[in-house]
2 protein chains.
Amino acid sequence: MYESEIQEIVKSYFPNLKEESLDAFIKHASYLKSTKGTKLISEGKRHRYFYLILKGGVKSYYSKESREVCMWFAFKNEVVGTITTYEGLPSKETIELLEDSELIKFNIEKIKVLTLTDLSISHLMNSIIIKHTLFLEERLYQLQFMTSKNRCKVLYESTPEIFQKVSLTDVASYLGVTRETLSRIRSK
Amino acid sequence: MYESEIQEIVKSYFPNLKEESLDAFIKHASYLKSTKGTKLISEGKRHRYFYLILKGGVKSYYSKESREVCMWFAFKNEVVGTITTYEGLPSKETIELLEDSELIKFNIEKIKVLTLTDLSISHLMNSIIIKHTLFLEERLYQLQFMTSKNRCKVLYESTPEIFQKVSLTDVASYLGVTRETLSRIRSK
DNA sequence: GAACTCATTTGACATTTATCACAAAGCAAT
DNA sequence: ATTGCTTTGTGATAAATGTCAAATGAGTTC
């Protein structure tokens, strides 16, 4: 993929990015095509990138004692990464492709350097983080207030594609129940 | 309290704020002393402020059908607010004083205007948000992976003052159990 | 199509936690 | 100290969910 194509894509995804910031931003972006199961970010390691999904999907999960708990899923047109990576720390999560996907990857270290002098880029990164923060708050709210049956229902209504693309085991862990329980509650 | 005193305090709390940004920042800060039970931010309303706690403590909670669930607690030297307020949206949470407290309040709208032209202030707000995001991720992790007994233990070990200053009912809701259950598990 | 693998469903049972009711303890005002 | 109020603790029971085991179903390979 040519740099000019990447530029067009990035421009359309981040319309608030000023023209003069765009060039610098693009310098740290590159196209990436990869297969199902590939890990974009692995738990315990430091990484340099965050990603924009052009095609495909990913899951994020924590693992502990051979148990995996999914924290979120993302598909086409979403920006993904981990906040620990942004902070230069080892990631606590793993981000893995759910299917063969196409992405644009951005060098986070380089782009952080740009935020030191470029307001437009600083605001862009800000808004990406805030979007994630709002998502986490909503998720916590649902875990604390809603029954597992309702969480399942709300998820199905808001993003039915998750049930097509993600295994029930993973959806169950995301909803905070075992797969057996999810299997039962969703038929009721 | 004189402006010069506020300036000293703010400067010491936000050492990364550049000297030339500090003056503009301080213009939107003021001292506030208030009594237990006062609501700094009320659910459903738009607000203009975030706060730095000089003395005292607060709790944040969501309420639904007369049930309250605490989302976090904060004490001396912590910055508090809601991300929805920062985004100019009505708050989903209520923030209430746990005891008579002294605070500095900052006008969020005005400071957001400053972030449009001031990198130093933009970065400061960023880092405050990121700190909160890391907290939310840790909390989600604990809710998904740890037993209620362990969550209780970890909370007691990390911030014992919560058990002194907050009612068991509130702590229980924060930990995701009923107060009866918390009463039982903590004695075991 | 048979054999194999993997995901999902179902059943039986154990465990945890919620719920409801009430008792005990702590605290403030008189 | 007595009264009233709020918070915390305890007991009995019900509901939800976890755990383990086995069955079914769907997809793949030979």
Side-chain angles (χ1 to χ4, degrees), chain A residues 35-38 57-59 61-70 73 96-100 139-156 160-188, chain B residues 35-38 57-59 61-70 73 96-100 139-156 160-188:
Chain A
T35 56
K36 177 175 174 170
T38 302
V58 306
K59 64 176 178 182
Y61 60 90
Y62 283 84
S63 48
K64 191 185 178 189
E65 294 150 19
S66 81
R67 199 164 73 94
E68 286 181 5
V69 173
C70 287
F73 307 100
E96 185 179 315
L97 298 191
L98 287 166
E99 53 192 305
D100 295 356
R139 188 153 146 64
L140 265 168
Y141 179 84
Q142 291 191 9
L143 280 172
Q144 299 264 48
F145 274 106
M146 289 164 50
T147 62
S148 55
K149 211 174 297 181
N150 269 339
R151 294 199 298 276
C152 177
K153 197 178 150 202
V154 166
L155 183 65
Y156 187 79
E161 65 188 314
I162 287 179
F163 287 84
Q164 295 151 21
K165 297 193 173 182
V166 181
S167 76
L168 266 207
T169 304
D170 284 342
V171 176
S173 74
Y174 173 83
L175 291 172
V177 293
T178 59
R179 72 199 133 102
E180 292 94 333
T181 300
L182 178 57
S183 173
R184 282 184 250 260
I185 62 180
R186 75 164 178 169
S187 59
K188 279 180 202 154
Chain B
T35 56
K36 178 176 174 167
T38 301
V58 305
K59 64 176 177 181
Y61 60 90
Y62 282 84
S63 48
K64 191 185 177 186
E65 293 150 19
S66 83
R67 199 164 73 94
E68 285 181 6
V69 173
C70 287
F73 307 100
E96 186 179 316
L97 298 190
L98 287 166
E99 53 193 304
D100 295 356
R139 189 153 145 64
L140 266 169
Y141 179 85
Q142 291 190 11
L143 281 172
Q144 299 266 45
F145 274 106
M146 290 165 50
T147 61
S148 56
K149 209 175 298 180
N150 267 339
R151 293 199 298 277
C152 176
K153 197 179 151 202
V154 166
L155 183 67
Y156 186 80
E161 66 188 313
I162 287 180
F163 287 83
Q164 296 152 20
K165 297 192 172 182
V166 180
S167 75
L168 267 208
T169 304
D170 284 343
V171 176
S173 74
Y174 172 82
L175 291 172
V177 294
T178 60
R179 75 199 134 91
E180 292 94 334
T181 300
L182 178 58
S183 172
R184 282 183 250 260
I185 62 180
R186 75 163 180 169
S187 58
K188 279 180 202 155

Checking side-chain contact (heavy atoms from CB on, under 4.5 Å) between B:K59 and each of B:D170, B:L97, B:V166, B:I162, which is the one that passes? B:D170
To the nearest Å, how far apart are B:K149 NZ and C:dT17 P? 8 Å
Of all of residues 164-176 of chain B, which get a heavy atom below 4.0 angstrom from DNA chain D, listed by number? B:S167, B:L168, B:T169
CD1-NZ distance between B:I185 and B:K153, expressed to the nearest 0.5 angstrom: 12.5 Å
Can you measure A:R179 atom CZ to C:dT8 atom P for me and round it to whole angstrom units? 9 Å
So which protein nitrogen or oxygen atoms get under 3.5 Å of nucleotides 12-15 of chain C's nitrogens or oxygens?
none

Distance col, row A:K64:NZ vs B:M146:CE, nearest 0.5 angstrom, shows 6.5 Å
Outer limits of DNA chain D sitting under 4.0 Å from a non-hydrogen atom of chain A, read 5' to 3', are D:dT17 to D:dC20
Round to the nearest Å and state the distance from A:I185 atom CD1 to C:dT9 atom C1'. 14 Å
Describe the nucleic acid contact of A:S187 in one word from base, sugar-phosphate, nothing, applying a heavy-atom distance below 4.0 Å. nothing
Of all residues at least two apart in sequence or in a different chain, which pass the side-chain hydrogen bond (donor to acceptor under 3.5 Å, both in side chains) check with A:Q142? A:E138
When rounded to the nearest 0.5 angstrom, what distance separates CZ in A:R186 from NZ in A:K149? 14.5 Å
More than 12 heavy atoms of other residues, nucleotides or ligands under 6.0 Å from OH of A:Y156: is that the case? no
Quick one: on DNA chain D, does A:E180 or A:R151 contact a more 5' nucleotide (nearest heavy atom)? A:R151
Is the backbone N or O of A:R179 less than 3.5 Å from a side-chain atom of A:T169, with the two atoms forming a donor-acceptor pair by type? no
Atom CZ of A:F163 to atom P of C:dA7: distance rounded to whole Å? 17 Å
Looking at residues at least two apart in the chain, or sitting in another chain, which of them share a ring pair (Phe, Tyr, Trp, His ring centres under 6.0 Å) with B:F73? B:Y174
Drop me the distance from B:T181's OG1 to B:L168's CG, to the nearest 0.5 angstrom. 12.0 Å
Please name all residues satisfying salt bridge (charged side-chain N to carboxylate O under 4.0 Å, His left out) with A:E99, sequence neighbours left out, ordered by chain then number. A:K165
Base, sugar-phosphate alone, or nothing: which one does A:T147 contact when heavy atoms must sit under 4.0 Å apart? nothing
With respect to the phosphate group of C:dA18, does any side-chain polar atom (N or O) of B:T181 fall under 4.0 Å of OP1 or OP2? yes
Check the orientation of A:F145 and B:Y62. Use parallel for under 30°, tilted for 30 to 60°, and perpendicular for over 60°. perpendicular
